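Quick note: residue numbers are just sequence positions, from 1. The structure displayed is predicted, hence computed values, not measured ones.
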Amino acid sequence: MDSLPLLADHPYASFLDQVEKPARYAGGEVGSVVKDWASVEARVCLAFPDVYDIGMSHLGFKILYKLLNDDPRTLAERCYAPWVDMEAELVKRGLPLVSLESARPLRDFDVVGFSLQFELTYSNILTMLHLGGIPLRAADRGEDDPIVIAGGPTATHPEPIAPFLDALVIGDGEEKATEVALTWTRLKREGVPRRERLVAIARLGAVYVPSLYATRRDPDTGFEVVDRPLVDGIPFPVERALVDLNRYPFPDESPAGGPEAIFDRMSIEIARGCTEGCRFCQAGMIYRPVRERDPEQVVDTVMRAVKKSGQDEVSLTALSTADVSCISPLIKKVTERLTAERISLGVSSLRAYGLEPDLLDELKRVRATGLTFAPEAGTQRMRDVVNKNVTEEQLLETAERVFSRGWGKMKLYFMIGLPTETDEDVRGIVETGARAAGAGRKAAGRGKPVDVTVSVSTHVPKPHTPFQWAAMDTLSEVARKQQLLRDTVRPYRAVKLKTHEAHASVLEGVFARGDRPLADVLERAWRSGARFDSWDDQLELSVWEEAFAHAGVDRAKYLGTLPVTARLPWDHIDVGLEEGFLAREYRKALQNRLSPPCGKVAGTFVHHTNLEDARADARRLVCYDCGVACDMTQMREERLTFLDRLGAHKRSLPIVTDAVAAAPPEAAAPPPEAAAPPEAAAGAAGEPARAGEEAPGAAGDAPRAAGDAPRAPRVPQGRGGFRYRVRFEKTGPVALLGHLDVVRELPRVLRRVGAPMTYTAGFHPKPDMTFSPALSLGVISLDEYVDLRLERDLDPAALEALVASMTAASPRGLVFRAAVKLGPEDPSVSKLIAGARYAIAFARSAIGGDAEATLAARCSAALSAASLPIRREIERLAKMVDVRQYLVRAEVGGPEVLSALARAGLAGDLVALDVEVDIRGSGAVKSSEVAAVIAGEPGGAPGAIAPPPHRAVRLELFGRAAPAGSAAGERLSLLDLERARRVKAAPERAAPASLAADAG
């Protein structure tokens, strides 16, 4: 049943708290931008075809959101794929999918732009178009429908999704996003027909409009390939856009403060492209040439981003951060600035040979996450095949360095199914992990933990790579190799093996190398229920099997070996590579021959880390004529400039000597106190890991998961700082956030306003906070409390100013009302809280008749009852709770309560209960349970009572100056310190964490 609307004027307000993670759809985050629609020329909806939790981490989204909203001519709003429960609600109610910022349907925008990061999100694009009120196929869209565009790495091989898109931006989108949006809207205002507008968009360059090109069937493969343009003056092939990154500084601000994202950190792109040329890696080919951001700009962006976001972890991201020319001095410069701020540093995609001793020591100073080890193949021969320029000796040396510095775990990533692979190569994957574990045990010392996880995915041949012609292993062959891995790992107790389900990889391979006829398969599968196909628990293979059969499409032709001479479905997209380059690399792979990294001196694995060595090395940089035509002289000079700016003039000795490095971790200096970062992958290109995977895709162009940072024991130093009690409210979108999301947000609010907190002592230092009992999702609160410790001693005026600034720096609906300074004798909020007062509001029509009289009678009956049992389910386990034990008072609310409901954002013809309940050490009751036993009707099972649709508001939390269950006059305010000091503790201790969530 629907509740009373929680968000004013939001189309989903009445049912949001009935779906999983409702705050995904509410908006209101810090850093979100709401512009006047009438003030701009073009309105763009950035649509990410996966859930909010994943899309919020995507770097490309952040870049375009900032660019479009900074331009006074345009606005950008966001929309993410609704989870299956929300889609069902929208379909049932006939409601459209809307944007987060203004809750406008997608059909109302001028431009709807999708991010194409992964082939298995295609079905979600159809869901979003359908729910957004936009015809699925481009051919069916009318004059007033928005233009549907897409960009991202998958846009370079778009034919299976092409019939659903009006246009695709190829390459970097920074310049094209604004140009396309303004061109489209200006021509529309001039009355130019839709097709002519599309022609104009195609003529802008770097934009592919599928409807303007003819196709034919290639006789060598049977693929439908793009043959020629249908209109004069449009490009063929379509060349990519390429921008100077330093003209587009990475944004230091983006929306934050909603539900926890998969990669909950501030990620900063430090470079685009890669020097290494791994033959399986699409990103390494399509993002050439390597472009590095000015390191001074990076450092400044990091510090501004930390200030604006309030986040406690920063990640430096690139396809291969170890191959960024100034990575060592850059990390040193960043750690110098972050250490004092207690901010953790993550560095994604570091290669095994990229970890020099001094760099490891710098990372350890901030308990960094994000160390990446990706040998990719288990034998040196296979590493040569894939052009992975790393030797086993370098890998073992890295393992020794890592474990000697206190890391207890190491993760290695490999692929099976690579061209020319043998069983010896497969077994070598486990054996490489075992040798790394052996080196680690020797380096760590006796009795120290050494765990090596070997994670193995299935190779998917991707377009625009040297392996684009290679066959993909069949499912049976993948299963055989996975069993071989399991058999091989049994003797090695220190090695943990993880393999991944291959069915999704096969589907990915089909759509990666697919052509336009696959659009019919896609639509059929979508209409039959295909959703979130990149999620292991959502992929419905039977749906896809039926769709392929219905369309008469043989999947095998997309997965077998392709002729090198054949036309391919993506050949009309020019990513800048010289014709013949990929074929030459493919032939070298089949001959086990390496190609050296481009942009480095031959035989060099790591860039020079100081100006002295870099200037002394006059050898030529490697270039093997891929077609991108890099300016090697400029590249060399730029690197020298970057080293100079970072102050890396001379070679420096490692911070930790060999003797110290070999000592047990306890002997090392303790790390600075910092909020313990979660173990998670760091996004190299904003592409998060899929459910059930350690890292996304098999193409290797995505980030790897973090190794565990060492945590040296430290001597407790006491809590320190100054204690304060802060009172706040949770209304609107914040009432839809889970308690842990609010706990996570408060330290960020304080960082944004420059009020540093003190941290707990011990192995896992965290901000020192104690919250009032948690509320159920969707319960509004006008009276919440947190006890916290700040480093500064604030007088009453400064404290009042802090409270005001905290509200300004918070997500919509989080409002701070008051604060007091606590003394050493003041009991904590958890010891004082003895009860709560709620307003439980109902629509008058839901009660019927004389609503006040009905509820008054129900209240009287409830208070007269000896017991009020209700069935409570927690994680599918049921228990009976006697609400009467906790119910102190219940009556019909008067004008004061109705006024409070209005302040909480609830409107309409309402009638309310005014309820007071105890909160005890033995437990508490939920407001929904009180509503059920007073106003609900019994269900079928014993104790099952369903309340009428309602909305609860916590009006007050209080202590008591007398035993629990006493009259309301005995209550005391939690900010009344004089009285609170006389109540050293409530008669029963406050509810423990396990019961706190029941207090809502």
Checking Lys35 side chain against Thr74 main chain: does a donor-acceptor pair fall under 3.5 Å? yes

Taking the side chain as every heavy atom from C-beta outward, state whether Leu106 and Cys79 have any pair of such atoms under 4.5 Å apart. yes

Backbone of Gln311 reached by a side-chain donor or acceptor of Ser309 within 3.5 Å: yes

Please say whether more than 12 non-hydrogen atoms of neighbouring residues, nucleotides or ligands are located less than 6.0 Å from CG in Asp9. no

Glu174 bridged to Arg272 by N-O distance under 4.0 Å: yes

If you take the centroid of each ring, where Trp contributes its six-membered ring, are His58 and Phe48 closer together than 6.0 Å? yes

Shortest non-hydrogen contact between Leu518 and Gly514, atoms and distance: CD1-CA, 3.4 Å

Output yes when a side-chain donor or acceptor of Asp571 lies under 3.5 Å from a complementary backbone atom of Leu568, and no otherwise. yes

Close side-chain approach of Ser211 to Leu198, heavy-atom, < 4.5 Å: yes

Taking the six-membered ring of Phe109 (Phe, Tyr or Trp), confirm whether the NZ or CZ of Arg104 is under 6.0 Å from its centre and within 45° of its axis. no

For the side chain of Arg288 and the backbone of Gly284, is there at least one donor-acceptor N/O pair under 3.5 Å apart? yes

In the structure I gave you, are the side-chain heavy atoms of Val44 and Leu75 within less than 4.5 Å of one another anywhere? no

Give the minimum heavy-atom separation between Val238 and Tyr213, together with the two atoms involved. CG2-OH, 3.7 Å

Between Trp526 and Thr127, a side-chain donor and acceptor under 3.5 Å: yes

Apply side chain to side chain contact (heavy atoms under 4.5 Å, CB included) to the pair Tyr25 and Val98, showing each step before the final yes or no. CA-CA 8 Å; Tyr25 315 101; Val98 300; over 6 Å; no

Please check: side-chain N/O of Lys176 versus main-chain N/O of Gly205, any donor-acceptor pairing under 3.5 Å? yes

Side chain to side chain contact (heavy atoms under 4.5 Å, CB included) between Leu539 and Leu507, worked out: CA-CA 10 Å; Leu539 177 61; Leu507 191 60; 4.0 Å; yes

Close side-chain approach of Arg304 to Val302, heavy-atom, < 4.5 Å: no

Do you know the tightest heavy-atom contact between Pro82 and Met128? CD-CG, 4.3 Å

Exactly one candidate in Leu16, Asp741, Val19 meets side-chain contact (heavy atoms from CB on, under 4.5 Å) with Leu736; the answer is Leu16

For the rings on Tyr558 and Phe223, is their centre-to-centre separation under 6.0 Å? yes

Walk me through whether Asp50 and Phe118 qualify under side chain to side chain contact (heavy atoms under 4.5 Å, CB included). CA-CA 10 Å; Asp50 215 322; Phe118 191 42; over 6 Å; no

Would Ile201 and Val199 count as a side chain to side chain contact (heavy atoms under 4.5 Å, CB included) if you check the C-alpha gap in whole Å, the side-chain angles of each, and the deciding distance to 0.1 Å? CA-CA 5 Å; Ile201 293 296; Val199 172; over 6 Å; no

State whether Asp145 and Arg194 are salt-bridged, where the test is any N-O pair (Lys NZ or Arg NE/NH1/NH2 against Asp/Glu carboxylate O) under 4.0 Å. no

With rounding to the nearest 0.5 angstrom, report the OG to CD distance, Ser534 to Glu119. 10.5 Å

Pair Trp37-Asp108, side-chain donor/acceptor within less than 3.5 Å: no

Would a distance-only check, ignoring hydrogens and angles, find a side-chain to backbone donor-acceptor pair under 3.5 Å from Asp574 to Glu239? no

Find the distance between OG1 (Thr185) and CZ (Arg197) and round it off to the nearest 0.5 Å. 10.0 Å

Looking only at heavy atoms, what is the nearest atom pair of Ala138 and Asp166, with distance? CB-OD1, 3.4 Å

Take a 6.0 Å sphere around CG of Asp232 and say whether it holds more than 12 heavy atoms from other residues, nucleotides or ligands. no

Taking Glu175 first and then Arg247, would you say they form a salt bridge - that is, a charged N and a carboxylate O separated by under 4.0 Å? yes

When you measure from the side chain of Glu101 to the backbone of Arg78, do you find a donor-acceptor pair of N or O atoms at a distance under 3.5 Å? yes

Donor-acceptor side-chain pairing of Glu77 and Ser102 below 3.5 angstrom: yes

Do the ring planes of Phe61 and Tyr80 sit parallel (below 30°), tilted (30 to 60°) or perpendicular (above 60°)? tilted

Would you call Arg567 and Glu224 a salt bridge, taking side-chain N to carboxylate O under 4.0 Å as the test? no

Pairing of Asp172 and Arg240 as salt bridge, 4.0 angstrom limit: no

Are Glu523 and Arg137 within salt-bridge range, i.e. N to O under 4.0 Å? yes

Salt-bridged, Arg186 to Glu190, with N to O below 4.0 Å? no

Quick check for you: to the nearest 0.5 Å, what is the distance between Leu242 atom CG and Ile170 atom CD1? 13.5 Å

Nearest atoms (heavy-atom pairs only) where Ile268 meets Ala305: CD1-CB, 4.2 Å

Is the side chain of Arg812 donor-acceptor paired with the backbone N or O of Pro733 at a distance under 3.5 Å, no angle test? no

Strictly distance-based, threshold 3.5 Å: is any side-chain N or O of Arg516 a donor or acceptor partner for the main-chain N or O of Pro163? no

Go through the side-chain N and O atoms of His572 and Glu159 and say whether any donor and acceptor fall under 3.5 Å apart. yes

Could you state the interatomic distance from NE2 (His157) to CG (Leu168), rounded to the nearest 0.5 Å? 11.0 Å

So, do Thr121 and Phe532 sit near enough that their side-chain heavy atoms are less than 4.5 Å apart? no

Taking only residues two or more places apart in sequence, or in another chain, which ones meet Phe164 in a ring pair (Phe, Tyr, Trp, His ring centres under 6.0 Å)? none

So that I know where these two stand, are Trp544 and Phe511 an aromatic pair - ring centroids less than 6.0 Å apart? yes

So which heavy atom on Arg141 is nearest to which on Pro146, and how close? CD-O, 4.2 Å

I'd like to know if Asp144 pairs up with Arg107 as an ion pair, taking the criterion as any Lys NZ or Arg NE/NH1/NH2 lying under 4.0 Å from an Asp or Glu carboxylate oxygen. no

Assess whether atom NE2 of His464 is packed by more than 12 heavy atoms of other residues, nucleotides or ligands within 6.0 Å. yes

Give a yes or no on whether a salt bridge exists between Glu745 and Arg752, defined as a side-chain N under 4.0 angstrom from a carboxylate O. yes

Side chains of Gln538 and Trp83: any donor to acceptor distance under 3.5 Å? no

Nearest 0.5 angstrom please: Ile147 CD1 to Leu165 CG, how far? 10.0 Å

Between CD of Glu260 and NZ of Lys21, what distance do you get to the nearest 0.5 Å? 7.5 Å

Determine whether Val180 and Thr183 make a side-chain contact, defined as any pair of heavy atoms from C-beta on separated by less than 4.5 Å. no

